[in-house]
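Right, one structure below, let's go through it.
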Amino acid sequence: MVDKLFGLVSYDLGIDLGTANTLVLVRGKGIIIREPSVVAMQRKTKRVIAVGGDAKKMVGRTPANILAISPLSDGVIADFDATAAMLRHYIGKIHTLPGTFFKIPRPRVVVGIPSGVTEVERRAVQEAAMNAGARKAYLIEEPMAAAIGVGINIDDSRGSMIVDIGGGTSEMAVVALGGIVINKSIRMAGKEMDAAIINFLRLKNGLLIGERTAEEIKIGIGSADGKAAGEKYAVIRGRDLETGLPKSLRVSAGEIQEALSPVLNQIVDMIKNLIEETPPELVADIMERGMVLAGGGSLLPGIDKFIAEATKMPVWVTEEPMAAVVRGCGKVLENDTLLHRVRVTGGLR
Ligand code: ADP
Ligand code: MG
């Protein structure tokens, strides 16, 4: 027990508060929590009933007195109480020894937050982390955390570009000399892809499906270009819009790619805008070194090639893209200079 206690003493945390997933990394241990960013609470009292995977299972099935919400749905803090509850849940889990009332020393916490978060929300998140048991809480904008996480040397004078396609938002940034030179965020990412599949099947086939089914189809046979789609098919079960009765339908990967293309085109347009606004010297750097894709959306087969063709830039997907932000938070914890900069400026600018 004592060993365990000493082992735990320096457990600082990195937390990626994503719109779709929350990841927690313990310094020296690696990623120990990967859960959907969902909180289920009592509608009236706001008492938290479940957090993470358990709460996600309740989405769409909750009785009237329970509310299951995604606190960061659109890349902003949509529900502050729920965000605080989530932080408390995860920090508390690590701050208290499992199965005991033992409190280990309060951790330092680096939290990755969407770049659309306002100054007021920033302070609120910081306060929530402190209330949840953090000794110190540092906030870092997700594109910066992702850049650090994928191994970009952010202090390099040459520019690098990172595109993080998450659940609710795609965040893109050009970084150089330790700061974000330019960035954009668009509410066009994984969830919009799911919505596009739902709409496509409704309009083309008169079939009604839910969000979870749409996400499964996307992950199963979705792709960004026809060739990557290959000859895959999926049998989809839903409700016939005309009869109201269950119906199943065979759809091809090609059709799903067609469904996804408007969303992908909007993401590409935003990337092009960002490139247009980037100083020419930095564009030349990115031409040479390529842009890096991170986030769950970058797992869509062929998306790298699709973006490369549209932008005429080399594009590559980082290893384990869904972990880029939390790994970046972890690297900041291990680097006092970076940590100091986050602390002083509240945002590595
Ligand atoms: P966030 O940072 O916003 O929490 P993530 O980076 O965790 O988001 O990515 C979540 C999104 O990635 C979800 O919309 C999910 O459907 C999508 N996703 C996960 N795996 C795949 C895959 N293999 N292909 C396409 N999209 C995927
Ligand atoms: Mg993210």
Side-chain angles (χ1 to χ4, degrees), residues 14-25 31 33-39 52-53 56 59 70-78 83 86 90 110-117 139-150 162-173 183 185-198 210-225 228-229 232 234 253 256-257 259-261 263-264 267 292-304 306-307 317-329:
I15 301 180
D16 169 12
L17 277 183
T19 60
N21 295 298
T22 298
L23 282 78
V24 181
L25 172 149
I31 299 169
I33 291 168
R34 297 169 197 253
E35 299 260 2
S37 302
V38 182
V39 177
K56 190 176 183 181
V59 173
S70 310
L72 296 122
S73 50
D74 283 321
V76 293
I77 296 179
T83 304
M86 220 161 62
Y90 292 125
V110 173
V111 187
I113 49 163
S115 59
V117 167
L139 304 187
I140 178 166
E141 290 187 351
E142 277 167 358
M144 186 51 102
I148 296 170
V150 305
I162 176 108
V163 178
D164 179 348
I165 305 170
T169 57
S170 294
E171 308 228 0
M172 42 202 87
N183 72 314
S185 171
I186 164 179
R187 289 183 188 182
M188 216 22 93
K191 283 194 184 125
E192 286 296 325
M193 295 183 203
D194 304 343
I197 293 174
I198 294 175
E211 280 172 26
R212 201 170 321 171
T213 307
E215 185 179 24
E216 278 168 20
I217 298 167
K218 174 185 72 180
I219 293 176
I221 61 167
S223 79
D225 79 310
K232 283 193 219 157
I256 297 305
Q257 183 243 321
L260 294 176
S261 76
V263 177
L264 297 172
I267 294 173
V292 189
L293 304 187
S298 67
L299 290 168
L300 191 74
I303 196 166
D304 45 352
F306 180 78
I307 298 174
V317 181
T318 187
E319 209 180 295
E320 220 199 333
M322 286 168 95
V325 169
V326 83
R327 293 224 186 281
C329 294

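Just follow the structure's listing: the first ligand is 1, and inside any ligand the first atom is 1. Counting from 1, the numbers follow the sequence of the chain as shown. Computed from heavy atoms alone, side chains included, the values below leave out hydrogens, waters and symmetry copies.
- Legend: residues meeting side chain to side chain contact (heavy atoms under 4.5 Å, CB included) with Lys218, ordered by chain and number and at least two apart, are Met193, Asp194, Ile197, Glu215, Leu300.
- Considering each of Glu215, Met322, Glu216, the one bringing a non-hydrogen atom nearest atom 16 (O) of ligand 1 is Glu215.
- Here the shortest heavy-atom pairing between Val263 and Ala196 reads CG2-CB, 3.8 Å.
- Val150 and Ala324 make their closest contact through CG1-CB, 3.8 Å (heavy atoms, listed as atom of the first residue, atom of the second, distance).
- Gly167 N, 3.0 Å is the protein heavy atom nearest to atom 8 (O) of ligand 1.
- Looking at every heavy atom in both residues, Val38 comes nearest to Ser70 through CG2-OG, 4.3 Å.
- Atom CD of Glu211 has 12 or fewer heavy atoms from other residues, nucleotides or ligands within 6.0 Å.
- Closest to atom 3 (O) of ligand 1 among all protein heavy atoms lies Thr19 OG1, 2.5 Å.
- The nearest protein atom to atom 23 (N) of ligand 1, hydrogens excluded, is given as Leu299 CB, 3.5 Å; this is a heavy-atom distance.
- The single protein non-hydrogen atom nearest to atom 27 (C) of ligand 1 is Gly296 O, 3.3 Å, given as residue, atom name and distance.
- Close approach of ligand 1 to Gly297 (heavy-atom distance below 4.0 Å) involves ligand atoms 12 (O).
- Note: an N/O pair closer than 3.5 Å links Asn21 and ligand 1 by distance alone.
- Residue Gly190 has at least one heavy-atom neighbour below 4.0 Å for each of these atoms of ligand 1: 14 (O).
- Close approach of ligand 1 to Gly18 is summarised as follows: ligand atoms under 4.0 Å from at least one heavy atom of the residue are 1 (P), 2 (O), 4 (O).
- The closest approach between Gly222 and ligand 1 stays at or above 4.0 Å for every heavy atom of the residue.
- Between Ile15 and Cys329 the shortest heavy-atom distance is O-SG, 3.9 Å.
- Of the polar atoms of Lys218, at least one N or O is found under 3.5 Å from an N or O of ligand 1, judged by distance alone.
- When heavy-atom distances to ligand 1 are checked against a 4.0 Å cut-off, Glu142 has no atom that comes that close, whether in backbone or side chain.
- Checked against side chain to side chain contact (heavy atoms under 4.5 Å, CB included), Ala189 has the following partners two or more places apart in sequence or in another chain: Ile165, Ser170.
- A donor-acceptor contact shorter than 3.5 Å links the side chain of Ser37 to the backbone of Gly18.
- Less than 4.0 angstrom separates some heavy atom of Gly295 from each of these atoms of ligand 1: 6 (O).
- Listed for the Glu35 side chain is a donor-acceptor partner under 3.5 Å among the backbone atoms of Gly53.
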